[in-house]
K.L.:
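I'd like to ask you about the structure that follows.
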Amino acid sequence: MQLTIIIVNYNVKHFLVQCLQSVQKAIAGIKVEVFVVDNASSDGSVEMLKEKFPWINLIANTENVGFSCANNQAIKLAKGEFVLLLNPDTLVEEDAFVKCVDFMKQTPDAGALGVKMINGNGEFLPESKRALPIPSVAFYKIFGLAKLFPRSKKFGSYHLTYLDNNKTQSVEVLSGAFMFIRKKVLDDIGLLDETFFMYGEDIDLSYRIIKAGYKNYYLPDSQIIHYKGESTKKGTINYVVVFYKAMQIFAKKHFTNKKSFLLTWILNLAIWLRASLAIGKRVLASLLLPILDIAVIYGGMILLALYWQTTVLHYRGSHFPDYYFYLVIPCYIAIWIISVAINKGYKKPHSASKTNRGIILGTIVILLIYALLPETIRFSRAVTVFGAVWTAITMNGIRYLFHTFKLKGYQYANSQKRRILIIGNLHENERVALLAQIGSQKPEIIYFIQDVSSSEIKDYIKENKVNELIFCSKDVSIKSIISHFTALKTCMVSYKIAPENEQTIIGSRSVQGVEPGVII
């Protein structure tokens, strides 16, 4: 047996299907066994595997035992000369395994290798090659120096950004998303450390391989798509804490007391900073629009009231009391803001109808309250009505500006017509076209073409204002898809793949289809 492939799955059924389809094409001509260890998924993954992939070796856990433990369950049963740890949200090129096997056989000092990874937008993933997170490296990464000076050998060491992404070379740390390991090495150094529930186990294993006298290699000749983060919600506070806690476990395990203390201190500081920034960013993002609405509406209402007082009330020998400006107007604004919020006018992506419905209902509430007040404290109904008009202009204007300047997260819902280019053969194109039209937002137009060069696709995108590409994996090889992803990443289009014989279309963090539970 040449190769044992191990995939640990947790609630990513549709990505797993696509992954296994690519694996099935890539194992041709190699003696391979494939294990899928399911960590108690609740999305029907186990039933799907039994039905569609009966040839795999399935280990169905009744609880989530973690990434390391699940991999170890399969490694203990592995018969291959090499073991591949592979994420379920990946797609491998058709010759990926052949290239890896050949390289390992020709490179006796190679304990493990990783490959060039790109994400679902065609961008290179820097974690394809990394350095050990010693205190200085971790400090440069955490405090942004690595990002400011990516070409510096000193500051850019965490992701080795000073090295050529297209050159084979020895590196210190490989990604657990695709880690091709010599089985003999695992027999020598032991299995994955189950102290790491998730994250950090690949760094620990990479370091132990080096300590055993072997080398880890980065092999860019073989490429994969890694959607990244489908099994976990990256960017959340929980992710930040879990990730850096894993780094602390690594530091305590491998470094001297002095280095371990320093790195642990840096990591604790990082947890505090990143968590604080994450909380602050979320609070700011959620409050930015309401605060801006309040400020602009209040300024306009003050000017309206002063204008009305000068041009109308003054000639009647009357004026607004002082508390009208600092109490009554703020109460009006509060009612409008609360009404818009209740009507989901602040929910993203924004909807003009929900915003305007909130303003109208808020105005009705204000006028009803106004009608019930005693004559002595009834103020100008005209200012209230004009204020409602100003509020509508303001709220819609702010959202339109945010949308026009393409501020992330502030676009209108369904504001852009989907103009789709489907790449594949005629029969598959027609099947995928029907899937693409499922959902509330219908595509404006669908084009069909055979698999052609990236430059031809780019011209087609420009001429027809295409904003979405769907590749039919039945007709277009993963190698070609990866090539297109990379070549077209500047075209500002979304990439999706339609797996063979499946009722789904998969993109980065999205699944569209007709199966129950599929996100539309």
K.L.:
Looking at G362, is its backbone amide N or carbonyl O close enough to the side chain of S339 to form a donor-acceptor pair, meaning the two atoms are under 3.5 Å apart?
P.N.:
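Between the backbone of G362 and the side chain of S339 there is a qualifying donor-acceptor contact (under 3.5 Å).
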K.L.:
CZ of F386: more than 12 outside heavy atoms within 6.0 angstrom?
P.N.:
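Counting other residues, nucleotides and ligands, CZ of F386 stays at 12 neighbours or fewer.
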K.L.:
Yes or no on side chain to side chain contact (heavy atoms under 4.5 Å, CB included) for N9 and F15, after CA distance, side-chain angles and deciding distance?
P.N.:
CA-CA 10 Å; N9 176 65; F15 288 90; over 6 Å; no
K.L.:
If we only count heavy atoms from C-beta on, is the N356 to N396 side-chain gap below 4.5 Å?
P.N.:
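Yes, at least one pair of side-chain atoms sits under 4.5 Å.
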K.L.:
Can you tell me if K474 and N425 form a side-chain donor-acceptor pair at under 3.5 Å?
P.N.:
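The criterion, which ignores hydrogens and geometry beyond distance, is not satisfied for N425 and K474.
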K.L.:
Quick one: do the S480 and S477 side chains pair a donor with an acceptor below 3.5 Å?
P.N.:
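S477 and S480 do have a side-chain donor-acceptor pair below 3.5 Å.
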K.L.:
Taking all non-hydrogen atoms of both residues into account, name the closest pair between T363 and A388 and its distance.
P.N.:
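Here T363 and A388 meet closest at OG1-CB, 3.3 Å.
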K.L.:
Apply the test side chain to side chain contact (heavy atoms under 4.5 Å, CB included) to residues E127 and L174: give CA-CA distance (whole Å), side-chain angles for both, the deciding distance (0.1 Å), then the verdict.
P.N.:
CA-CA 8 Å; E127 57 265 37; L174 303 173; over 6 Å; no
K.L.:
Checking the side chain of D43 only, and the main-chain atoms of S45 only, is there a donor and an acceptor separated by less than 3.5 Å?
P.N.:
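Confirmed, D43 side chain pairs with S45 backbone.
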K.L.:
Quick check against the 3.5 Å criterion: does R151 have a side-chain atom that pairs as donor or acceptor with the backbone of T161?
P.N.:
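Confirmed, R151 side chain pairs with T161 backbone.
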K.L.:
For residues N11 and S42, determine if any side-chain heavy atom of one lies less than 4.5 Å from a side-chain heavy atom of the other.
P.N.:
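Side chain of N11 against side chain of S42, heavy atoms only: contact under 4.5 Å found.
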K.L.:
Looking at every non-hydrogen atom in both residues, tell me the closest pair between S22 and I478 and how far apart they are.
P.N.:
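Smallest interatomic distance, heavy atoms only, reads CB-CG1, 4.2 Å.
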K.L.:
Count the heavy atoms of every other residue, nucleotide or ligand shown that sit under 6.0 Å from CG of D322, and state whether that count exceeds 12.
P.N.:
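Result for CG/D322: open.
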K.L.:
Relative to the ring of F485, is the ring of F471 parallel (under 30°), tilted (30 to 60°) or perpendicular (over 60°)?
P.N.:
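F471 and F485: tilted rings.
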K.L.:
Would you tell me whether N467 and R419 have side-chain atoms, one donor and one acceptor, within less than 3.5 Å of each other?
P.N.:
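There is no such pair (donor and acceptor under 3.5 Å, judged by atom type) between the side chains of N467 and R419.
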K.L.:
Considering non-hydrogen atoms only, spot the tightest contact between K354 and K344 and give its length.
P.N.:
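Where K354 meets K344 most closely, the heavy atoms are CD-O, 3.8 Å.
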K.L.:
Does a side chain donor of either H484 or S454 reach within less than 3.5 Å of an acceptor in the other side chain?
P.N.:
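The criterion, which ignores hydrogens and geometry beyond distance, is satisfied for S454 and H484.
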K.L.:
Hey, does I506 have a side-chain heavy atom less than 4.5 Å from the side chain of Y227?
P.N.:
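Yes; the side chains approach each other to less than 4.5 Å.
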K.L.:
Taking D89 for the side chain and L16 for the main chain, is one N or O donor matched with an acceptor at less than 3.5 Å?
P.N.:
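Flag not set: sc D89 to bb L16 has no pair under 3.5 Å.
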K.L.:
Under a 4.5 Å cut-off applied to non-hydrogen side-chain atoms, are L125 and H226 in contact?
P.N.:
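Sidechains of H226 and L125: in contact.
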K.L.:
Could you check whether S380 and W308, counting side-chain N and O atoms only, form a donor-acceptor pair closer than 3.5 Å?
P.N.:
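S380 and W308 do have a side-chain donor-acceptor pair below 3.5 Å.
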K.L.:
Please name the pair of heavy atoms, one in I420 and one in V466, separated by the smallest distance, quoted to 0.1 Å.
P.N.:
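That closest heavy-atom pairing would be C-CG1, 4.3 Å.
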K.L.:
What do the steps show when you test I366 against W336 for side chain to side chain contact (heavy atoms under 4.5 Å, CB included), and what is the final call?
P.N.:
CA-CA 9 Å; I366 292 170; W336 280 316; 3.6 Å; yes
K.L.:
Between Y447 and I423, is any pair of side-chain heavy atoms under 4.5 Å apart?
P.N.:
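When only atoms from C-beta onward are counted, I423 and Y447 do not touch, as no gap falls below 4.5 Å.
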K.L.:
Would you confirm whether N343, through its side chain, and G345, through its main-chain N or O, come within 3.5 Å as a donor-acceptor pair?
P.N.:
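No; zero donor-acceptor contacts below 3.5 Å.
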K.L.:
Rounded to the nearest 0.5 Å, how far apart are CD1 of I297 and CG of L304?
P.N.:
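Reported value, rounded in 0.5 Å steps: 11.5 Å.
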K.L.:
Show the numbers, then the answer: is there a salt bridge (charged side-chain N to carboxylate O under 4.0 Å, His left out) between K129 and D164?
P.N.:
CA-CA 11 Å; K129 49 182 174 62; D164 189 344; over 6 Å; no
K.L.:
Measure from the side-chain N and O atoms of K489 to the backbone N and O of N121, and report whether any donor-acceptor pair falls under 3.5 Å.
P.N.:
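Here the side-chain-to-backbone pair does not exist.
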K.L.:
Roughly how far apart are E456 CD and D459 CG, rounded to 0.5 Å?
P.N.:
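Reported value, rounded in 0.5 Å steps: 7.5 Å.
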K.L.:
Given 3.5 Å as the limit, does a donor-acceptor pair link the side chain of Y370 with the main chain of T384, or not?
P.N.:
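No.
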K.L.:
Going by heavy atoms in the side chains, are Y162 and K154 under 4.5 Å from each other?
P.N.:
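With C-beta onward as the side chain, the pair stays apart.
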K.L.:
With the threshold set at 4.0 Å, does a side-chain nitrogen-carboxylate oxygen contact exist between E428 and R431?
P.N.:
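A salt bridge links E428 with R431.
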K.L.:
Could you tell me whether a side-chain N or O of D451 sits under 3.5 Å from a main-chain N or O of G424, the two making a donor and an acceptor?
P.N.:
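The answer is no, because no donor-acceptor pair under 3.5 Å joins these two groups.
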K.L.:
I'd like to know whether OH of Y400 has more than 12 heavy-atom contacts from other residues, nucleotides or ligands below 6.0 angstrom.
P.N.:
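No, because the 6.0 Å sphere around OH of Y400 holds 12 heavy atoms or fewer from other groups.
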K.L.:
How close do Q21 and S473 get, counting heavy atoms only, and between which atoms?
P.N.:
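Scanning both residues completely, I find the closest heavy atoms to be OE1-OG, 4.2 Å.
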K.L.:
Tell me, with the steps shown, if S41 and V46 meet side chain to side chain contact (heavy atoms under 4.5 Å, CB included).
P.N.:
CA-CA 8 Å; S41 296; V46 171; 5.8 Å; no
K.L.:
Could you tell me whether K13 and D38 have a side-chain N and a carboxylate O separated by less than 4.0 Å?
P.N.:
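Salt bridge flag = no for D38 with K13.
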K.L.:
To the nearest 0.5 Å, tell me how far I393 CD1 sits from I359 CD1.
P.N.:
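If I round to the nearest 0.5 Å, the distance is 10.0 Å.
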K.L.:
Which heavy atom of N429 sits nearest to which heavy atom of F448, and what is that distance?
P.N.:
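Taking N429 first and F448 second, the nearest heavy atoms are CB-CD2, 3.1 Å.
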K.L.:
Enter the distance from H350:NE2 to K348:NZ here, rounded to the nearest 0.5 Å.
P.N.:
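So the NE2 of H350 and the NZ of K348 are separated by 6.0 Å.
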K.L.:
Strictly distance-based, threshold 3.5 Å: is any side-chain N or O of T355 a donor or acceptor partner for the main-chain N or O of S351?
P.N.:
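At least one qualifying donor-acceptor pair exists.
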K.L.:
If only atom types and distance count, is the side chain of W390 paired as donor or acceptor with the main-chain N or O of V296 below 3.5 Å?
P.N.:
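Looks like yes, one N/O pair under 3.5 Å.
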K.L.:
Any chance the side chains of S508 and N119 put a donor and an acceptor closer than 3.5 Å?
P.N.:
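There is no such pair (donor and acceptor under 3.5 Å, judged by atom type) between the side chains of S508 and N119.
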K.L.:
Is the shortest heavy-atom distance from the side chain of R399 to the side chain of L289 under 4.5 Å?
P.N.:
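Side chain of R399 against side chain of L289, heavy atoms only: contact under 4.5 Å found.
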K.L.:
Any chance you could measure Y495, atom OH, to I118, atom CD1, to the nearest 0.5 Å?
P.N.:
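So the gap between those two atoms works out to 8.5 Å.
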K.L.:
What I'd like to find out is whether the side chain of I505 reaches to under 4.5 Å of the side chain of I470, using heavy atoms alone.
P.N.:
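A side-chain contact exists here, since the closest heavy-atom pair is under 4.5 Å.
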K.L.:
Quick one: pull up CE in M117 and CD1 in I482 and give me the separation to the nearest 0.5 Å.
P.N.:
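Answer rounded to 0.5 Å: 11.5 Å.
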